[in-house]
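This report refers to the structure that appears directly beneath it.
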There are 2 protein chains.
Amino acid sequence: MTPRDVPRPTDAELAILRVIWRLGSATVREIHDALLQDQPKTGYTTVLKILQIMTDKGIVVRDESQRAHVYAAKESEQSTRGRLVRHLVDRAFDGSATALVMQALSTKKASPNELATIRAMLEKIEGERR
Amino acid sequence: MTPRDVPRPTDAELAILRVIWRLGSATVREIHDALLQDQPKTGYTTVLKILQIMTDKGIVVRDESQRAHVYAAKESEQSTRGRLVRHLVDRAFDGSATALVMQALSTKKASPNELATIRAMLEKIEGERR
DNA sequence: TAGAATCAACGAAGAGTTTCGTAGTTGACG
DNA sequence: CGTCAACTACGAAACTCTTCGTTGATTCTA
C-alpha cells in the first residue's frame, strides 16, 4: 500500500514506464514497438526481461490472463516524477526544491505560455499560504 | 575543454563532490571526516578509491605536489547541477523543464522568501524576452 | 495437421558501482 | 636509526544494470 517500497526506476525501466503511462497498459510487443520509434534499438527479449524484473520489484503489475501478458504501472507518473525530483533535490540541491526550480528556470528557456503557467502556480501556492 | 565528456557523477561520487564544492578543494582525509558527519559510515579507502576513479573519469583534478593529494572539482556545482537537471528533464519530463518546475513547486512547500526569489527570476526571464 | 510465428522464462555475459582489506611508501620523532 | 602513523595504490568481492541468445510452450495458418 505504501509507495515507499517501490524502488526508483532505472533509466531503462523509466523508458519502458513512459510507454506504459502513455498507453495505460501494454504488452511487451506494444512496448517494444513503441520504443523502436525512438533512437535506441532494444531487443524484444531485453524489454521482456526488464519488465520481468520490474514485476519482481513491484514497479509494474502483470495481467497473465492472456497469452501476451499485459503490464500496468503500479505508481502514477505524477507520483514517480515526484520521487525522482525529491531524490535529485536531496542528492544535489541540499534539499532545497527552490534551488532546483531556479536551476531549471535558468537552464531552459520557457515560452511565455509556460511562464504564465508557472506564475499561476506561484499564485496558487501563495494563496494557500495566507 | 568541453564539459560534455565529463560523465554524470554517481550517487557516491556526488556526495564527495558536494564536500569538495563546499571546501573548494580537499584531501581524502578532509573529505572522509566531512562525510562522517552525515549518516553513512564510509571507509577511508572507499573514499580514496572513488576519488581515484573520479580522477580517471576527469570529474576531479588531483594536485600531487604534497604527500596528501589535494582534489578539486573540474566542473562547477552550478554546471553539474544543470546537467543533472537536464538529464532528469529528458528522462522523466519529456524534455519540459517547465513540467519539472511545476512538479518541484507542487511537491515541496517553499517559504514566502523563496517564492519571492522565484518570482524575481520569472520577471527577469520575462524581461529578457521582450 | 504440420510448420511457422509468437510468446514467456531462463541463464549468462559484460560493464559499472561500491565496498574494503592488504601492501608498500613516505615522513615524523623519540 | 628504527618505529609508528599517515598516505597512496592495487585488487578483489559483492552487487546491480543491461543486454541478448536459447529453449520450450502456445497459437495461428496454409
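Below, all heavy atoms of this structure are taken into account, side chains as well, without hydrogens, waters or symmetry copies. The sequence lines fix the lettering, A, B, ..., with proteins before strands; numbering per chain opens at 1. The structure presented is a predicted model; accordingly, all values stated were derived computationally and were not measured.
The one candidate from B:Arg8, B:Arg81, B:Arg83 that meets the salt bridge (charged side-chain N to carboxylate O under 4.0 Å, His left out) condition with B:Glu75 is B:Arg83.
Among the protein residues, A:Glu64 comes within range of no part of the nucleic acid, since none of its heavy atoms lies under 4.0 Å from any strand. Using a 4.0 Å heavy-atom distance criterion, B:Thr45 is classed as a base contact.
Contact annotation: B:Gln52 does not reach the phosphate of D:dT8 (side-chain N/O to OP1 or OP2, under 4.0 Å). Proximity of A:Arg8 to the phosphate of D:dT16: no side-chain N or O atom is located under 4.0 Å from OP1 or OP2.
A residue-by-residue look at B:Thr46 and B:Lys57 shows that B:Lys57 has its nearest nucleotide of DNA chain C further toward the 5' end.
Non-hydrogen atoms lying under 4.0 Å from DNA chain D are contributed by nothing in residues 11-22 of chain B.
When the side chains of ILVMFWY residues are joined at heavy-atom separations under 4.5 Å, either directly or via intervening members, B:Leu122 and B:Val101 end up in a single hydrophobic cluster. Criterion: ILVMFWY side-chain heavy atoms under 4.5 Å apart, direct or through other members. Under it, B:Ile53 and B:Leu51 are not part of a common hydrophobic cluster.
Going from atom OH of B:Tyr44 over to atom P of D:dA9 covers 10 Å, rounded to whole Å. Across the protein-nucleic acid pair, B:Arg91 atom CZ and D:dC17 atom P stand 12 Å apart, rounded to whole Å.
Judged purely by atom type and a 3.5 angstrom limit, B:Asp63 uses its side chain to pair as donor or acceptor with the backbone of B:Ser65.
For DNA chain C, the contact window with chain A, defined by any atom under 4.0 Å from a protein heavy atom, covers C:dT6 to C:dA12 in 5' to 3' order.
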